[in-house]
Amino acid sequence: METTWKLARVFAVLFLMSSIQPASAADVVVNVDTPMPPPAWAVMQRDLLRENLDACREFFGKYFDERGYLMCVERWGGDDGPDDAIENCNDWPILHALGASDEILKMYKHAWEGHLRQFTEAKTVEVPFARDGMYYKEFPVTMDWVHNGEGLTVFDLQGLGDPNDNAFRKRVRRYAGFYLNEDPGAQNYDPRHKIIRSLFNGSRGPLMRKATGLDWAGDPIEVKGRFKPRHGEDTYEQMLEHFQDYNDIVGDHPQNMGATSLALNAYMLTHEPKYKEWLLEYVDAWRERTLRNDGIIPTNIGLNGKIGGETDGKWYGGVYGWGFSVRNPADGQLAHRNTHGLGITGFGNALLLTGDQKYVDVWRDMIKAINAQVKTINGKKMYPRMYGDDGWYNYGPSPYAQGAQEIYYWSMLPEDRERLGGNAWLNYLEGKDPTYPIRALQADFAAIRRKVEGMRNDDTTPDTRLSDDPMPFNPCSVNSLVSQMLGGIHPGHRGAPLHCRLRYFDPIKRRAGVPDSVAALVEKLSADQTTVTLINTSQSQPREVVVQGGAYGEHQCESIVIDGVATDINAPSFTVRLAPGSGTKLIINMQRYANQPTMLFPWDQASLN
């Protein structure tokens, strides 16, 4: 009898769909009225959204003033610069896009507007290029993409929940224009050689000379007895010593591919071909250089376009290069600071635009090439991380796996899964760890508690606080929600976009995120299928939710299976109507990367693809 009733309900849904031409979120509607008592994970998800908001509200009230300025000593520098100030709101855009109250959107936007004013007004005395303002045209004057990427993380993800904000739209185009050479004062890109011309680049263009410790460390400052720098340096002299070897910045470096996120955002917002064309031209150039360099991405491209062109022909040269090992003045130890791994952002952005797995292949092949340099040392296999004049060095017991999670997530190939070993989330998706969702949610609750406790015990004052001091207390904890609700991987804090299998929208409130009372658990992922349980925890009110393939509609939902019956969708998204206290499991057959990514909300996407 139960089976007959379920089939009747599914046939009713099929009948509703049969007279509709599927093309947008409004065209395909699934009605769910199967009772489902709220499981623990669903109740915890809803509570975690609320707890995050409450904690962020308290954090904002303590560290930001009424203008949205961070209450700290404003400095330029690689240790505690402008980027750190806005990093105190990291993950707040994701929290809003998941479904938290619009209050979190208002807070982080207020902080972002304040941040731009604060660091446009803030000026250096001795650092030459920031004497007229650390920001110019609402963007860092010139800095490396370790720091540019960090400082743009909040802005880059605003489009998930607030793409139609007028100021956001203007800035997206302006920022991308700094790298398309649309601003005569910011000629960062050489289109002939397809390079960004320096490790330092921004709204005042590239820095075309050797950098100094002052350029990196910022103006002299009192340290001991006043601040507790997070990098461990007790004096300004130690801060200068930290950066004394950070000189060879001229030429291109893989971390500059972080700038492609600006073009990606501009394309997803405007769909103007020039942004896509520039991004692919630049990333393709990096792919070709990597292939020419025996599969290892080089860390210096000269102004003549040649590998190692500014570092005596050394492909591993330059600041943050494969051979960049420097002494840490805080402890006297050798520090290995190779940031080539930031380049994976560019390859992921190209994949979003094209669906072409060649951008995944190049990084996978590099992982293999590096691990092929394995040595047996004292009876143990050891793998390198660095390369210098004498060859590979800095060996350790774990295989090189920079970017391995992204590679598997983008490819879904078994060989890529093997590199990740006992990953708890992946084990759960494979049916091996059913307790994972609860444990992961509990970990995020615990993180909020610890951070709020630390914030309340923080006795710094605005004149004894550097911009990165509050960062350990930012309570926003969304890792479990990104994996469970979206089937996604956290984008990190370097300006990368969100890569996920599903996203949700509230068609009643016309905003991003799950509606009130709705929870979602992605239970299985494969190359062409996603299994998710949707539930309405409200026992008295119905809910309506739009389910979208991918963070930006890049995945096509071909069909869904409910209670064993398949129904065609053929659209990037569809709508689910949940009766009070109801829920269901959906198996969504998908074609990944079939659509051009967009920031448009589902109800505005009918004209695309």
Side-chain angles (χ1 to χ4, degrees), residues 52 55-92 107-108 110-124 127 130 134-135 140 143-144 146-155 216-243 328-331 335 447-477 492-494:
N52 268 298
C56 289
R57 184 189 301 118
E58 183 176 343
F59 179 91
F60 189 83
K62 175 163 184 168
Y63 292 114
F64 291 85
D65 68 16
E66 68 281 356
R67 301 168 297 173
Y69 287 28
L70 183 70
M71 292 185 285
C72 70
V73 175
E74 298 138 349
R75 295 194 71 252
W76 175 268
D79 277 354
D80 53 305
D83 60 291
D84 297 306
I86 193 59
E87 283 186 85
N88 288 291
C89 294
N90 276 348
D91 290 343
W92 294 22
M107 284 192 292
Y108 84 72
H110 190 46
W112 175 249
E113 295 295 335
H115 174 72
L116 295 179
R117 292 191 299 271
Q118 183 175 11
F119 286 93
T120 298
E121 295 167 0
K123 298 173 172 61
T124 59
V127 177
M134 299 177 188
Y135 277 20
M143 197 54 171
D144 71 301
V146 168
H147 298 92
N148 286 345
E150 290 174 344
L152 287 163
T153 293
V154 170
F155 172 81
W216 286 93
D219 288 346
I221 187 174
E222 173 189 11
V223 180
K224 196 167 186 177
R226 179 178 181 183
F227 300 108
K228 299 175 182 178
R230 296 180 64 219
H231 296 269
E233 291 125 5
D234 291 328
T235 65
Y236 176 71
E237 287 70 30
Q238 284 188 333
M239 294 171 71
L240 281 176
E241 186 181 354
H242 176 143
F243 294 109
N328 182 356
D331 59 16
I448 293 173
R449 178 187 55 76
R450 289 194 305 271
K451 292 177 180 182
V452 168
E453 182 180 5
M455 170 181 63
R456 291 173 178 171
N457 291 332
D458 177 19
D459 60 1
T460 61
T461 55
D463 57 347
T464 63
R465 182 184 302 141
L466 296 174
S467 60
D468 57 357
D469 284 340
M471 284 171 60
F473 311 131
N474 173 10
C476 193
S477 301
H493 301 136
R494 303 288 192 179

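Counting from 1, the numbers follow the sequence of the chain as shown.
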Starting from the C-alpha separation in whole Å, work towards a yes-or-no answer on side-chain contact (heavy atoms from CB on, under 4.5 Å) for T235 and Q238. CA-CA 5 Å; T235 65; Q238 284 188 333; 3.4 Å; yes
Dump the intermediate steps for side chain to side chain donor-acceptor pair (under 3.5 Å) on N52 and W92, then the final yes or no. CA-CA 9 Å; N52 268 298; W92 294 22; over 6 Å; no
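Partners of D331 by side-chain contact (heavy atoms from CB on, under 4.5 Å), not counting sequence neighbours, listed by chain and number: N328, Q333. In this structure, the ring-ring contact (aromatic ring centres under 6.0 Å, His included) partners of F59, at least two apart in sequence or on a different chain, are Y63. Residues satisfying the side-chain contact (heavy atoms from CB on, under 4.5 Å) criterion with R230, sequence neighbours excluded, are D468, D469, M471, P472. Applying the ring-ring contact (aromatic ring centres under 6.0 Å, His included) rule to F119 yields the partners H115; only residues at least two apart in sequence or on another chain are considered. Residues forming a side chain to side chain donor-acceptor pair (under 3.5 Å) with D463 (at least two apart in sequence, or on another chain): T461. H493 meets the side-chain contact (heavy atoms from CB on, under 4.5 Å) test with N90, D91, T153, H490; sequence neighbours excluded. Scored by the salt bridge (Lys or Arg N to Asp or Glu O under 4.0 Å) test, R226 finds E222 as partners (sequence neighbours excluded). For R57, the salt bridge (Lys or Arg N to Asp or Glu O under 4.0 Å) partners are D54, E103, not counting sequence neighbours. E121 is linked by a salt bridge (Lys or Arg N to Asp or Glu O under 4.0 Å) to nothing, counting only residues two or more places apart in sequence or in another chain. A search for salt bridge (Lys or Arg N to Asp or Glu O under 4.0 Å) contacts involving D219 returns nothing, not counting sequence neighbours. Residues passing the side-chain contact (heavy atoms from CB on, under 4.5 Å) test with P462 are M71, R465, sequence neighbours excluded. Under the rule for a ring-ring contact (aromatic ring centres under 6.0 Å, His included), the partners of F243 that lie at least two apart in sequence or sit in another chain are W216, Y246.
The two residues G218 and V127 have their closest heavy-atom pair at CA-CG2, 3.7 Å. Taking each heavy atom of I221 and Y236 in turn, the nearest pair found is O-CB, 3.6 Å. In terms of heavy-atom proximity, W112 sits nearest to G151 at CZ3-O, 3.7 Å.
Using a 4.5 Å heavy-atom threshold, the side chains of M239 and D80 count as touching. Proximity of R456 to K62: side-chain heavy atoms (C-beta onward) are nowhere separated by under 4.5 Å.
At least one donor-acceptor pair closer than 3.5 Å links the side chain of N148 to the backbone N or O of M143. Panel note: side chain T464, backbone T460; no donor-acceptor pair is recorded below 3.5 Å. Distance alone, capped at 3.5 Å, is enough to place a donor-acceptor pair between the H110 side chain and the E66 backbone. Side chain of E87 to backbone of E150: no donor-acceptor contact under 3.5 angstrom is found. In this structure a side-chain-to-backbone donor-acceptor pair under 3.5 Å is missing from Y108 to F155. Under a 3.5 Å cut-off, the side chain of D84 and the backbone N or O of G81 do form a donor-acceptor pair. Side chain of H147 to backbone of D83: no donor-acceptor contact under 3.5 angstrom is found.
We find that R67 and E113 are not joined by a salt bridge, their nearest charged nitrogen and carboxylate oxygen being 4.0 Å or further apart. The pair K224-D234 does not count as a salt bridge, with every side-chain nitrogen at least 4.0 angstrom from each carboxylate oxygen.
Separating the CG atom in D79 from the OG atom in S467 is a distance of 10.0 Å, to the nearest 0.5 Å.
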